[in-house]
Amino acid sequence: MSLAASTVALATIVCTYVFTFLALLSLAIHGYMRLNNPNRFSLEDFSTSLAVIITLALVGQITWAVVDEGQGQHVSDVTQSQFELTAKSLLVSEALWALVNTFIRLSALILLHKVFSATAVNRFQSLFLISVSILHGVAALLTAILICRPIRASWDSHVRGGMCGNQTAAYVGLEACGLLIDIAILALPFRPVLTLQMRTRRKLSVLLLLSAGVVVTIITALRIAALHRVNSSDFSYDQGYLGLLSTLGALLGIISCCATSFAQFFRHLKSSTSQHLLLRLLRSSFRSGLRETIDRMYYYRAASGRSGIAQSRNEGPTGDDSARKQDDEDNEDSEE
């Protein structure tokens, strides 16, 4: 079945690769500004880089699931083998989603810890949330691996001795905990920023910049609703919607981590553009001035040459002729 026949499958591919381009562009801008920074790369950049690598793996996995395994299509349109592969994909995508979210949260929390570590309260809050985020990531990975025993029972309901816990309840519970962590991270910078001695407009700008991850929080909330539908009768179609939210959440998380470099990049770009324009103007003025000077030199030289010729024509006899004339006059006087 073609992608065009499934709205969810087509939307997943289009949105995934549009936002992949935007995420890589954001990463390039962030990396460029870091290279121009004396401090260069720091620990949060390392965490963001790991998140990017895992996100690209998630994008590849979701793309394969949509194109080859029938994810995003109705159950009536997929084969039994495709259905089993779709169930495997759910396990892999949930594990990758947990890892991506963990590294994105760590990147944001490390940055907030560096910026707002002036007081013991802020340091404790950021370190506490870092610890909780790591524990949540480990719990999500263990849940994906151990929810079914053996693990094959996650996609093969006919395996002997296989048993699974309540997957929907487990994943929804983990996602709800992740949502609470995201809200706590968003709320962390509010109190220290509001107590700063600066204009209200400036405070709102800083809070808006640090709240760029709110879109990821919204997607996490949408994923909770989508997880309730994964075990429905139209499993492959509902998982397609879940896969779309997973890739969007991961890619928007990468963009949010790089958002702190956007304003600095645009200032740098504006300054560079102004400098290049000034240099072009100076170069153009110098060239036109030099050309005008050369033209004047040629003009004066030509004018001087013409005036010299005219002067030589208008002058009387030379000094030799005057001396010869004086000798002739002396001779005539002596003869007389």
Side-chain angles (χ1 to χ4, degrees), residues 3 6-24 26 48 50-73 85-108 133 136-137 139-141 143-145 147 154-155 167-168 170-179 181-182 213-232 234-257:
L3 291 177
S6 174
T7 305
V8 174
L10 183 61
T12 300
I13 294 299
V14 173
C15 292
T16 293
Y17 283 94
V18 168
F19 281 94
T20 297
F21 170 76
L22 295 176
L24 293 176
S26 301
T48 302
L50 290 177
V52 170
I53 294 172
I54 300 170
T55 298
L56 293 177
L58 178 62
V59 167
Q61 185 269 323
I62 293 295
T63 302
W64 180 261
V66 170
V67 174
D68 187 68
E69 300 172 3
Q71 182 172 300
Q73 300 176 11
L85 290 173
T86 303
K88 289 181 182 179
S89 292
L90 176 62
L91 177 67
V92 176
S93 63
E94 286 302 304
L96 292 175
W97 168 255
L99 284 173
V100 169
N101 258 351
T102 299
F103 285 113
I104 289 175
R105 288 168 183 150
L106 288 177
S107 179
S133 298
H136 179 269
L141 282 176
T143 299
I145 296 172
I147 191 69
S154 298
W155 61 86
Q167 292 175 298
T168 302
Y171 289 136
V172 169
L174 286 169
E175 206 69 23
C177 292
L179 180 61
I181 295 173
D182 291 339
V214 69
V215 290
V216 184
T217 305
I218 294 172
I219 288 180
T220 301
L222 293 174
R223 271 179 52 86
I224 294 175
L227 282 167
H228 282 288
R229 301 171 54 185
V230 168
N231 288 332
S232 65
D234 204 356
F235 171 77
S236 58
Y237 183 82
D238 292 331
Q239 192 182 337
Y241 177 61
L242 185 64
L244 171 61
L245 292 175
S246 298
T247 53
L248 284 181
L251 293 168
L252 287 171
I254 299 299
I255 296 173
S256 300
C257 290

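By the side-chain hydrogen bond (donor to acceptor under 3.5 Å, both in side chains) test, Ser246 pairs with Arg223, sequence neighbours left out. Considering only residues two or more places apart in sequence or on other chains, Ser107 meets the side-chain hydrogen bond (donor to acceptor under 3.5 Å, both in side chains) condition with Thr48. Residues forming a side-chain hydrogen bond (donor to acceptor under 3.5 Å, both in side chains) with Thr20 (at least two apart in sequence, or on another chain): none. Applying the side-chain hydrogen bond (donor to acceptor under 3.5 Å, both in side chains) test to Thr16 and every residue at least two apart in sequence or in another chain returns Thr247.
Of all non-hydrogen atoms in Gly253 and Ile104, the two that sit nearest each other are CA-CD1, 3.7 Å. Of all the heavy atoms in Leu248 and Phe19, the pair that sits closest is CD2-CD1, 3.4 Å. Heavy atoms only, all atoms of each residue included: His136 and Cys177 are closest at CD2-CB, 3.8 Å. When all heavy atoms are compared, the tightest approach of Phe103 to Ala51 is CB-CB, 3.9 Å. Val216 and Ser256 make their closest contact through CG2-OG, 4.3 Å (heavy atoms, listed as atom of the first residue, atom of the second, distance). Among all heavy-atom pairs drawn from Leu244 and Cys15, the shortest one is CD1-CB, 3.9 Å.
Contacts classified as salt bridge (Lys or Arg N to Asp or Glu O under 4.0 Å) and involving residues 10-19 (residues at least two apart or in different chains) are not found. Identified under the salt bridge (Lys or Arg N to Asp or Glu O under 4.0 Å) test for residues 11-23, with sequence neighbours left out: none.
Here the CH2-CG distance, from Trp97 to Leu141, works out to 13.5 Å after rounding to the nearest 0.5 Å. Atoms CG and OH, on Leu222 and Tyr241 in that order, are 5.0 Å from each other to the nearest 0.5 Å. Between Leu174 atom CG and Leu227 atom CG the span is 9.5 Å, to the nearest 0.5 Å. The structure places OG1 of Thr63 at 4.5 Å from CD1 of Ile13, a figure rounded to the nearest 0.5 Å. The CG atom of Leu99 lies 10.0 Å from the CG atom of Leu58; values are rounded to the nearest 0.5 Å. For the atom pair OG1 of Thr55 and CG of Leu96, the computed distance is 9.0 Å after rounding to the nearest 0.5 Å.
Between Leu251 and Leu22, every side-chain heavy-atom pair lies at or beyond the 4.5 Å cut-off. Between Glu175 and Tyr171, the closest side-chain pair of non-hydrogen atoms is not below 4.5 Å.
The number of heavy atoms from other shown groups lying within 6.0 Å of CZ (Phe21) does not exceed 12.
Each of Ile219, Thr220, Ile224, Ile218 was evaluated against Leu245; a single residue qualifies, Ile219, per the side chain to side chain contact (heavy atoms under 4.5 Å, CB included) test.
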Thr143 vs Glu94, side chain to side chain contact (heavy atoms under 4.5 Å, CB included): CA-CA, chis, key distance, verdict: CA-CA 10 Å; Thr143 299; Glu94 286 302 304; over 6 Å; no
